[in-house]
Amino acid sequence: MKTQVAIIGAGPAGLLLGHLLRAEGIEVVVIERAAPDYVLGRIRAGVLERTTTDLMDRLGLGARMHAEGLPHDGFHLADGERLIRIDIEALTGKKVMVYGQTEVTRDLMEAAPERGLEIIYEAGDVALHAVDSDAPYVTYSKDGVTYRIDAQFACGCDGFHGPSRKAVPASVAKAYEKVYPFGWLGILADVPPCHHELIYANHDRGFALASMRSESRSRYYVQVPLDEKIEEWPDDRLWDELATRLGPEAAANMTRGPALEKSIAPLRSFVFEPMRHGRLMLAGDSAHIVPPTGAKGLNLAASDVHYLSEALIGYFKRGDADAVAGYSDKALARVWKSERFSWQLTKLMHRFPDGDAFDRRMQVAELDYIASSLAAQTTIAENYVGLPL
């Protein structure tokens with residue numbers, strides 16, 4: 001098979017990129033190792049920046065998002081006693097949208113056939129070849145047969161564990177990583193949220209987050225040690241801990257219910273440079289990971305896709321190779337700023353095992369400053385809604 005662009009990974013990054021390129025008449029094939037149901041079963045982020053919602057609208061695929069999503073014009077930081085509201089719309093003129101990553105993926109997936117976006121699911125042994133030449137190709141196996149796709153560009157949207165990043169030679173690569181000494185224990189439940197806006201809480205017992213997927217489905221998290229076992233957290237214990245950490249106002253409005261899903265996710269910050277090597281371009285989690293504190297994972301993937309689609313459209317439509325050459329630097333400039341915000345918010349809102357009384361007082365003082373400073377709130381709001389492209 002021959003195509004102009006081979007995309008590895010049919011998560012939201014790969015599908016967004018595929019749709020944007022197909023809308024311009026560029027030939028695309030998407031290769032995904034998992035089955036469609038597995039892709040849709042991944043429970044992920046739910047807060048979308050304007051960058052992400054604008055891309056869905058540009059594709060004409062935002063109708064369900066606007067109908068079912070929840071526009072939010074603020075969120076809260078909590079210190080265990082009070083809620084500190086960050087009025088993002090008043091401070092930036094923008095809102096964010098609460099709409100699950102699973103739903104974004106579903107909208108992109110369901111629109112693929114009618115728009116001529118070819119997706120090959122359950123592709124095993126995916127490998128990238130000759131990416132530093134003008135004729136890269138991708139091989140994969142399915143039903144006992146090995147296939148080859150020749151392309152002009154290969155785009156790795158296959159996540160942290162995919163093969164794309166590994167195709168960049170170690171001699172030209174540099175990885176930066178910080179692994180945090182705790183994880184997030186999350187619970188998904190069909191109960192109304194305890195508050196109509198998200199609450200990020202820093203309590204003496206550790207971090208907690210009150211979030212939602214809809215007006216009837218809630219998502220909560222508590223910080224736990226990395227070696228914690230889910231079996232040690234029956235539903236009642238988790239709800240009690242959430243009520244304590246989120247503070248009295250949230251606890252008074254909390255509706256408890258059985259867990260639909262419960263899991264522990266580790267936290268890390270990770271950046272891989274460069275995001276382009278020859279004819280291989282990386283986007284999303286294949287090139288960077290952020291702790292979920294700042295709600296930047298999917299949104300960073302969307303900004304990567306914005307830059308990458310513009311570069312490839314320029315190349316195929318106008319013969320402009322400069323944007324392709326400059327993609328990595330442009331994307332990384334925004335990636336590092338988002339990494340900074342997520343890292344700072346993680347440091348502010350979590351209890352670290354090696355932290356002492358002084359560190360705790362610094363967190364309390366910082367939250368007190370934010371509560372009284374419009375400038376500090378503006379800085380947080382600008383980063384939360386997404387920095388300009």
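Note that these values count all heavy atoms, side chains included, but never hydrogens, waters or copies made by symmetry.
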- Hey, does Glu232 have a side-chain heavy atom less than 4.5 Å from the side chain of Val224? no
- Item | Arg58 bridged to Glu310 by N-O distance under 4.0 Å | yes
- Check: Glu24 main-chain N/O paired with Lys317 side-chain donor or acceptor under 3.5 Å: yes
- Can Asp235 and Arg256 be counted as an ion pair, charged N to O under 4.0 angstrom? no
- Message: So, taking the atom named CG in Leu17 and the one named NE2 in His306, what distance separates them when rounded to the nearest 0.5 Å?
- Response: 12.5 Å
- Message: Can you tell me how far apart OG (Ser286) and CE (Met281) are? Round to the nearest 0.5 Å.
- Response: 11.5 Å
- Distance (rounded to the nearest 0.5 Å) between Ile313 CD1 and Asp320 CG: 12.0 Å
- Query: If you round to the nearest 0.5 Å, how far is NE2 of His288 from CG of Asp304?
  - Reply: 3.5 Å
- Task: Provide the closest heavy-atom pair for Ile119 versus Ala10 in the form atom of the first, atom of the second, distance.
- Result: CG2-CB, 4.0 Å
Can you give me every donor-acceptor pair (side chain of residues 49-57, partner residue at least two apart or in another chain, under 3.5 Å) with its distance?
{"unit_1": "Glu49", "atom_1": "OE1", "unit_2": "Arg334", "atom_2": "NH2", "d": "3.4"}
{"unit_1": "Glu49", "atom_1": "OE2", "unit_2": "Lys296", "atom_2": "NZ", "d": "2.6"}
{"unit_1": "Arg50", "atom_1": "NE", "unit_2": "Asp54", "atom_2": "OD1", "d": "3.1"}
{"unit_1": "Thr52", "atom_1": "OG1", "unit_2": "Asn299", "atom_2": "OD1", "d": "2.7"}
{"unit_1": "Thr53", "atom_1": "OG1", "unit_2": "Arg50", "atom_2": "O", "d": "3.1"}
{"unit_1": "Asp57", "atom_1": "OD1", "unit_2": "His66", "atom_2": "NE2", "d": "2.9"}
{"unit_1": "Asp57", "atom_1": "OD2", "unit_2": "His66", "atom_2": "NE2", "d": "3.1"}

- Query: Would Leu345 and Ile380 count as a side-chain contact (heavy atoms from CB on, under 4.5 Å) if you check the C-alpha gap in whole Å, the side-chain angles of each, and the deciding distance to 0.1 Å?
  - Reply: CA-CA 9 Å; Leu345 199 58; Ile380 293 171; 5.5 Å; no
- Task: Using atom types as modelled and distance alone, determine if a side-chain donor or acceptor of Ser214 lies under 3.5 Å from a backbone N or O of Arg217.
- Result: yes
- Side-chain donor or acceptor of Arg279 paired with backbone N/O of Gln152 under 3.5 Å: yes
- Message: Keeping Gln377 on the side-chain end and Ile370 on the backbone end, is there a donor-acceptor pair under 3.5 Å?
- Response: yes
- Going hydrophobic residue to hydrophobic residue with side-chain gaps under 4.5 angstrom, can you get from Met1 over to Ile8? yes
- Query: Has Lys166 got more than 12 heavy atoms of other residues, nucleotides or ligands less than 6.0 Å from its NZ?
  - Reply: yes
- Task: Look at the side chain of Lys142 and the backbone N and O of Tyr121, then say whether any donor-acceptor pair between them is shorter than 3.5 Å.
- Result: yes
- Item | Neighbour count >12 (heavy atoms, 6.0 Å) for atom CD, Glu249 | no
- Does a side-chain heavy-atom distance below 4.5 Å link Phe341 with Val290? no
- Query: When you measure from the side chain of Gln223 to the backbone N and O of Phe207, does any donor-acceptor pair fall under 3.5 Å?
  - Reply: yes
- Message: Here's one to test your reading of the geometry: is the NZ or CZ of Arg165 within 45 degrees of the ring axis of Phe160 and under 6.0 Å from its centre?
- Response: yes
- Message: For residues 10-22, which residue pairs pass the salt bridge (charged side-chain N to carboxylate O under 4.0 Å, His left out) check, not counting sequence neighbours?
- Response: none
- Query: Considering only heavy atoms from C-beta outward, does the side chain of Ile289 approach that of Glu177 to under 4.5 Å?
  - Reply: no
- Query: Hey, quick one: are Leu267 and Leu226 part of the same hydrophobic cluster, counting side-chain heavy atoms closer than 4.5 Å, chains of contacts allowed?
  - Reply: no
- Query: If you draw the axis of the six-membered ring of Tyr176, does the NZ or CZ of Lys174 fall within 45° of it and under 6.0 Å from the ring centre?
  - Reply: yes
- Item | Cluster link Tyr220 to Trp233, ILVMFWY, side chain under 4.5 Å | yes
- Task: For Gly18 and Val28, work out which heavy atoms get closest and say how close.
- Result: CA-CG1, 4.1 Å
- Check: Gln363 side chain, Leu348 main-chain N or O, donor-acceptor pair, under 3.5 Å: yes
- Query: Side chains of Val126 and Val138: does their closest heavy-atom pair fall under 4.5 Å?
  - Reply: yes
- Could you check if a side-chain atom of Trp336 sits within less than 4.5 angstrom of a side-chain atom of Arg340, using non-hydrogen atoms only? no
- Message: Minimum heavy-atom separation for Tyr99 and Asp107, please, with both atom names.
- Response: OH-OD2, 2.7 Å
- Message: For a quick test of reading the model, state the closest non-hydrogen atom pair linking Pro181 to Pro353 and the distance between them.
- Response: CG-CD, 3.5 Å
- Message: Between Phe153 and Tyr315 (judged by ring centroids, cut-off 6.0 Å), do the two rings come close enough to count as a pair?
- Response: yes
- Query: Between Pro12 and Val104, which heavy-atom pair has the shortest distance, and what is it?
  - Reply: CB-CG1, 4.5 Å
- Task: Taking the side chain as every heavy atom from C-beta outward, state whether Arg106 and Arg64 have any pair of such atoms under 4.5 Å apart.
- Result: yes
- Establish whether Trp343 and Leu367 are linked, either directly or via other cluster members, by ILVMFWY side-chain heavy-atom contacts under 4.5 Å. yes
- When the ring planes of Phe75 and Tyr200 are compared, do they come out parallel, tilted or perpendicular, using 30° and 60° as the limits? perpendicular
- Message: Contact between Pro192 and Ser218 at the side-chain level, heavy atoms closer than 4.5 Å - yes or no?
- Response: no
- Query: Looking only at atom types and distance, does a side-chain atom of Thr378 sit under 3.5 Å from a main-chain N or O of Leu91, one as donor and one as acceptor?
  - Reply: no
- Would you find a donor on one side and an acceptor on the other, under 3.5 Å apart, between the side chain of Ser328 and the backbone of Met275? yes
- Message: Taking Arg213 first and then Asp190, would you say they form a salt bridge - that is, a charged N and a carboxylate O separated by under 4.0 Å?
- Response: no
- Measure the spacing between CZ of Phe272 and CG of Leu332 and express it to the nearest 0.5 Å. 10.5 Å
- Hey, could you give me the CG/CG distance between Leu209 and Leu246, rounded to the nearest 0.5 Å? 8.0 Å
- Message: Taking the side chain as everything from C-beta on, heavy atoms only, tell me whether Pro163 gets closer than 4.5 Å to Asp158.
- Response: yes
- Given Thr244 and His203, is the side-chain hydrogen bond (donor to acceptor under 3.5 Å, both in side chains) satisfied, shown in steps? CA-CA 8 Å; Thr244 298; His203 189 272; over 6 Å; no
- Quick check: are there more than 12 heavy atoms from other residues, nucleotides or ligands sitting under 6.0 Å from CZ of Arg205? no
- Does Tyr180 reach the main-chain N or O of Phe352 with its side chain, forming a donor-acceptor pair under 3.5 Å? no
- Which atom names give the shortest non-hydrogen contact between Cys194 and Asn253, and what distance separates them? O-CB, 3.2 Å
- Query: Where do Trp184 and Thr293 land on the side-chain contact (heavy atoms from CB on, under 4.5 Å) test, with the steps shown first?
  - Reply: CA-CA 10 Å; Trp184 278 15; Thr293 324; 3.8 Å; yes
- Query: Got a sec, which pairs hit salt bridge (charged side-chain N to carboxylate O under 4.0 Å, His left out) with one end in residues 353-376, sequence neighbours left out?
  - Reply: Arg82-Asp368, Asp204-Arg360
- Linked, directly or transitively: Met254 and Val98 (ILVMFWY side chains, under 4.5 Å): no
